[in-house]
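Notes to accompany the following structure.
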There are 2 protein chains.
Amino acid sequence: MRPHPDQNTGLRPADSKANDPIACDSCPVREISVCAMLPREQRKIIANRSHNRKANKGDVLALEGDRVTHVASVTSGVVKMTKTLSDGRQQIVGLAFASDVVGRPFADDTAVRIEAATDATLCSFEKSHFEQLLREHPAFESLLLKVKLDELDAAKDWMLLLGRKSALEKVASFLAMLADRQLAPDGTRMPKAAAVTVELPLSRAEIADYLGLTLETVSRQFSKLKDAGVIVLDDGRAVTVPDRQKLAALAGN
Amino acid sequence: MRPHPDQNTGLRPADSKANDPIACDSCPVREISVCAMLPREQRKIIANRSHNRKANKGDVLALEGDRVTHVASVTSGVVKMTKTLSDGRQQIVGLAFASDVVGRPFADDTAVRIEAATDATLCSFEKSHFEQLLREHPAFESLLLKVKLDELDAAKDWMLLLGRKSALEKVASFLAMLADRQLAPDGTRMPKAAAVTVELPLSRAEIADYLGLTLETVSRQFSKLKDAGVIVLDDGRAVTVPDRQKLAALAGN
DNA sequence: CGAGTGCTTGAGGGAAGTCAAGATTGGTGG
DNA sequence: CCACCAATCTTGACTTCCCTCAAGCACTCG
């Protein structure tokens, strides 16, 4: 593997923080985030202890080994978590979409670098406040546990992909994952048959880092899928999947 | 990848269950398992709701897609969790050692096959009882959350390994992991300098499935490490590491 | 319009996979 | 106790998939 060039260091937390109090009632993820478990009147507690945070694409929210100061729920955009070997080889070990939690409660420092993959907004808590919420509201803690158990299952799927799938299967799996999580305009999941257009939140290089490949190999698999008629490359960053079944078939499993 | 041959199907849960009540006070993992968080008098609750379970090497505790009926804490031995692609390619996605929890609370069925990698004993709960314990004892749930967050961190490390490390680094990492978790006879962790002998809980084929390699490649890396003097192969299953620093250096990171 | 960035494509090489013997080990029964 | 057999592990020769290196192409933006 070729080591990675140094990347845009972006803004550190203190710089890009915006202390607008959160309006939970209009929060775009209020029904699906961990907060959803709290009874309405207790959301005030959240509002008082959290703040909105805007991050621009490329902004680094935490470096590998950093002291953990905040825990946040993603309200829009995509945040990536990466780990890096000493010689620069890099692996994306997690993607956080809207309603996902980033940051590590109950640990002194992060084992991962946290970075905005797209422009993003977060509902951010000071770590100690977040942990206090967990202690005081078992329903909140319980929901976080369920969320993390789901994440663990997803991580196991990803381990299968990284360890055993071919390059083509990896790319197909990645696109299938994005297509499946794609929501119709009304917020419901797309019907299984319908064509879906996916706006890729990652560059070719980032997809490579996610799949354990090189950018060139990723690009070649995109071309292969295009030639096979499984995807349409609207432009570099937007992909249409006419038939998700066909894509899923190539994903292995 | 070559598909795997079918493996010993072993015993299903109902067959190998032994209903001895658990003696928590003499439980080998009472200080480190999730149970440790419960105040002494509440351990009775555990004793009443759990039972000892012996599993022989190769016994299958659950198949991929099985309904989850039990959640258990490993009290001795090693249990492996695997995922399999339709053509038989296999990946070990988790190893549970003494004090680790296997089984999936809050889900209808397992996403992984659970199998004893060595002879093992477990402290097993009916899933509904386990979930009830979590609900009634926030401290218990809280500890489980912390344990699962640690597992998630470990999974991320493993994703880095699977996606980006060379075969030699993978094998070195695996041996380093085992050496580090090896305990001195008195139960404390070994001093960093001391030579450690590790009894491998997995066959070459299983190590390959854990590392995303083939058995032949694993064997070659063992030979390479032996020739380099980094390890001594006492026999096929026991490895001595004279200098863990040297091994760690080869593990990458 | 030229420079910069990100993506695609090609040619060649190398690390790990595949296929195929052997070598060890461990268990079983004569 | 030792001979035999099956299972596991090691080693070798060859192949393949993906990585590396290197152009060339397509946008975007000053």
Side-chain angles (χ1 to χ4, degrees), chain A residues 1-8 57-58 85 87-91 117-118 161-172 175 199-209 211-227 231-239 252, chain B residues 1-8 56-58 85 87-91 117-118 161-172 199-227 231-239 250 252:
Chain A
M1 272 299 306
R2 206 170 356 178
H4 261 261
D6 274 6
Q7 288 188 312
N8 167 18
K57 176 177 170 165
L85 296 174
D87 64 359
R89 283 173 292 174
Q90 214 171 18
Q91 176 70 39
T118 65
L161 174 143
L162 289 171
R164 292 303 186 197
K165 288 191 179 179
S166 70
L168 185 67
E169 290 170 332
K170 284 178 175 181
V171 171
L175 292 173
E199 187 73 21
L200 299 178
L202 304 180
S203 69
R204 296 290 184 273
E206 288 173 316
I207 296 172
D209 283 346
L211 300 175
L213 299 169
T214 58
L215 117 213
E216 295 96 326
T217 298
V218 170
S219 183
R220 278 184 243 276
Q221 308 312 318
F222 268 90
S223 299
K224 212 178 276 185
L225 290 171
K226 188 188 65 180
D227 295 346
I231 62 172
V232 179
L233 285 175
D234 306 322
D235 69 38
R237 278 301 184 92
V239 175
Chain B
M1 271 299 306
R2 205 171 358 178
H4 261 260
D6 274 5
Q7 290 187 313
N8 166 17
N56 296 318
K57 175 174 171 165
L85 296 174
D87 64 358
R89 284 173 291 174
Q90 213 171 21
Q91 176 71 39
T118 65
L161 175 142
L162 290 171
R164 292 305 186 197
K165 288 191 179 179
S166 70
L168 185 67
E169 289 169 332
K170 284 178 174 181
V171 172
E199 187 73 20
L200 298 178
L202 304 180
S203 70
R204 297 290 184 273
E206 289 173 315
I207 296 172
D209 283 347
Y210 195 32
L211 300 174
L213 298 171
T214 58
L215 117 215
E216 295 95 327
T217 299
V218 170
S219 184
R220 278 185 244 276
Q221 308 312 317
F222 268 90
S223 300
K224 212 179 277 186
L225 289 171
K226 186 187 66 178
D227 294 346
I231 61 171
V232 179
L233 285 176
D234 306 322
D235 67 37
R237 279 300 184 91
V239 175
L250 292 174

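Numbered from 1 within each chain, the chains take letters A, B, ... in sequence-line order.
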- prompt: How long is the line joining CG of B/D235 and P of C/dG27, in whole Å?
  reply: 11 Å
- request: Please round to the nearest 0.5 Å and tell me the distance separating atom CG of A/L175 and atom CG of A/L200.
  value: 6.5 Å
statement: note: A/R89, atom CZ; C/dA15, atom C1'; distance rounded to Å ~ 13 Å
Atom-to-atom span, CZ of B/R164 to C1' of C/dA15 - whole angstrom: 15 Å
message: I need the CD-P distance between A/Q221 and C/dT8, as an integer number of Å.
response: 12 Å
field: Euclidean distance, atom NZ of residue A/K170 to atom P of D/dC18 [Å, nearest integer]
entry: 8 Å
message: Donor-acceptor pair, distance only, cut-off 3.5 Å: does the side chain of B/R89 make one with the backbone of A/R164?
response: yes
B/K165 NZ - D/dC19 P separation (whole Å): 18 Å
- prompt: Atom CG of A/L213 and atom P of D/dC17: how far apart are they, to the nearest Å?
  reply: 14 Å
query: Which value, rounded to the nearest 0.5 Å, describes the distance between A/R220 atom CZ and A/D227 atom CG?
result: 13.0 Å
message: Between A/Q90 (side chain only) and A/L85 (backbone N and O only), is there a donor and an acceptor less than 3.5 Å apart?
response: no
- prompt: For the atom pair CD1 (A/I207) and OG1 (A/T217), what is the distance rounded to the nearest 0.5 Å?
  reply: 12.5 Å
field: Rounded distance in Å - CG (B/L168) to C1' (C/dG17)
entry: 17 Å
message: Ignoring hydrogens, what is the shortest heavy-atom contact between A/L233 and A/R204? Give both atom names and the distance.
response: CD2-NH2, 4.3 Å
task: Determine yes or no for a side-chain-to-main-chain donor-acceptor pair under 3.5 angstrom, with B/E199 supplying the side chain and B/A238 the backbone.
output: no
Base versus backbone protein contacts along nucleotides 8-13 of chain D [heavy-atom cut-off under 4.0 Å; B, S, -]: -SBBBB
- prompt: Bend across the helix from C/dC1-D/dG30 to C/dG30-D/dC1, to 10°, with axes taken over 5 pairs at each end?
  reply: 30°
- prompt: When rounded to the nearest 0.5 angstrom, what is the spacing between CG in B/D209 and CD in B/Q91?
  reply: 7.0 Å
- request: Spell out, as yes or no, whether a donor-acceptor pair under 3.5 Å connects the side chain of A/Q221 to the backbone of A/V218.
  value: no
